[in-house]
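Written out below as structure tokens is the structure these notes cover.
What's counted below: heavy atoms across the whole structure, side chains too, no hydrogens, waters or symmetry copies. Counting starts at 1 for both ligands and their atoms, in listed order.
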Amino acid sequence: MKNKTKILTVILILTTILSFILSGCSSAAPEQTTSAGEDAPAGLQGVERVDDGRTVVGISMPDRLLERWNRDGAYLKKQFEKADCEVILRYANNLIDTQISDLRDMIKEGADLLVVTAVDGAALSSVLEEAADYGVKVIAYDRLLMETDAVSYYVSFDNYMVGVLQAEYVISQLGLNTESSTRNIEFVTGDPVDNNARFFYQGAMDTLKPYLDSGKLHVLSTQTGFYETATAQWSTDIAQQRLQIILNSYYPKGTRLDAVLCANDSTALGATRALQADYNGNNKVIVTGQDGDIANIYNIIDGSQSMTVYKHLQEESVVTVALGKDIIAGNTPDDKLISNSAWDFDCTYDTEEYNNGNKVVPSYLLRPIAITADNIEKELFETGIYKRNSAGLIYTGE
Ligand code: BGC
């Protein structure tokens, strides 16, 4: 009798262990919940995370104001869904608190992976720690997440190169290597809480430095520093107001302005409006940009903006989805993700460039291209990225 009880107890223990192991492996396992106890982060105390075998991806985008984030969000959602993931897509309206609560909701709703483009790169550390506590992996999308260990990877473009392309365009158009006359330039850079803004700035400044140092290029406002040329939230209105003040203060009738180096298209729109309103000269002022937003495409075609730097958003989301799937499968992706994927576009794996203050974040970086009136048809229309309807109106073709 004693022996029989012993045998029964052993069988019971073995069955319990077996069912425990199986429930951890199978996606068809009965619904499990993980409950956050007293030690859980404040925002998630008492939260029960449902792990019912679904694969959930939370995508947190900064705002809907900029054309690109709408497209990024849509591309990412579509491609993750194609890969059998459930997607929660939220836009934070450029508000840090909204983004934090969006991310908390995603963690509560069972996200396995977060894809985050931060409103403010350094403001999400604590909610990202919460994600890490639950084993939720994080990809920084386009903008690096700063001062956190809880980010696994970064997908973006060669952001330094964006600034280099803008500056090289200015150098060639103003004939800085071929003509003897000196030229005047002003700078409209990005949002300082976006790590990318500093890379764009540095790429442009390093490239223009020899000409600024030699006096070939002048900045009559004397505003060349990162912060004094910055544009909060990449706002068109703020960019416009700042350039109008500069034009009214430093460019009276007869003083020529040759170029405005703008970090992206939303600031370029502001600069173009400021020039139309308050510039007294007759020359065409060079205006640079980045993104290829539709409003700016029209301006490049009509000549009021000179160039933009295009970043292929579909390709950025293709890389992100491939990376996300590999992470969810439990792998630790590296440069082999690129060779195995055999994409028909350039992508490099970088383990040095992007230090977020806590660690160097392994990065997948794509190649930006310069777009001018000369190559816009070939690069953006013949490739189908943009199309025209019968009335000639431009729309995104992807
Ligand atoms: C992106 C740019 C964009 C800017 C403003 C940057 O982080 O890389 O493409 O124009 O944010 O949203």
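- The pair E316-K311 does not meet the salt-bridge criterion, since no charged nitrogen lies less than 4.0 angstrom from a carboxylate oxygen.
- Proximity to R68 (heavy-atom distance under 4.0 Å) selects the following atoms of ligand 1: 1 (C), 2 (C), 8 (O), 9 (O).
- The closest donor-acceptor contact from the side chain of D334 to the backbone of Y349 lies at 3.5 Å or more, if one exists at all.
- Residue F157 places every heavy atom at 4.0 Å or more from ligand 1.
- A parallel orientation is assigned to the rings of W343 and F345, their planes being inclined by less than 30° (bins at 30° and 60°).
- Residue contact check: F200 has heavy atoms under 4.0 Å from atoms 8 (O) of ligand 1.
- Polar contact check, N159 against ligand 1: no nitrogen or oxygen pair lies under 3.5 Å apart.
- Set against the non-hydrogen atoms of L66, the atoms of ligand 1 under 4.0 Å away are 3 (C), 5 (C), 10 (O), 12 (O).
- Note: W69 and Y141 have perpendicular aromatic rings, judged against thresholds of 30 and 60 degrees for the angle between ring planes.
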Worked verdict on N184 versus Y250 for side chain to side chain donor-acceptor pair (under 3.5 Å): CA-CA 11 Å; N184 293 332; Y250 303 98; over 6 Å; no
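- Residue N264 has at least one heavy-atom neighbour below 4.0 Å for each of these atoms of ligand 1: 3 (C), 4 (C), 5 (C), 10 (O).
- Scanning the protein heavy atoms around atom 10 (O) of ligand 1, the nearest turns out to be D291 OD2, 2.5 Å.
- Side-chain N or O atoms of D112 include one that pairs as donor or acceptor with a backbone N or O of V56 at under 3.5 Å.
- Closest protein heavy atom to atom 7 (O) of ligand 1: D194 OD2, 2.5 Å.
- The side-chain hydrogen bond (donor to acceptor under 3.5 Å, both in side chains) with N296 is formed by just one residue from the set Q290, Q305, E67; it is Q305.
- Regarding atom 4 (C) of ligand 1, its nearest protein heavy-atom neighbour is W234 CE2, 3.6 Å.
- Set against the non-hydrogen atoms of K311, the atoms of ligand 1 under 4.0 Å away are 1 (C), 2 (C), 8 (O), 9 (O).
- Scanning all protein heavy atoms for the shortest distance to atom 12 (O) of ligand 1 gives R143 NH2, 2.9 Å.
- Connection of I327 to Y154 is not established within any shared hydrophobic cluster, with ILVMFWY side chains joined at heavy-atom distances below 4.5 Å, either directly or through further cluster members.
- Under 4.0 Å from ligand 1, the heavy atoms of D142 that appear belong solely to its side chain.
- A salt bridge does not link D265 with R68: none of the charged nitrogens is closer than 4.0 Å to a carboxylate oxygen.
- When non-hydrogen atoms are compared, ligand 1 lies under 4.0 Å from neither the backbone nor the side chain of Y141.
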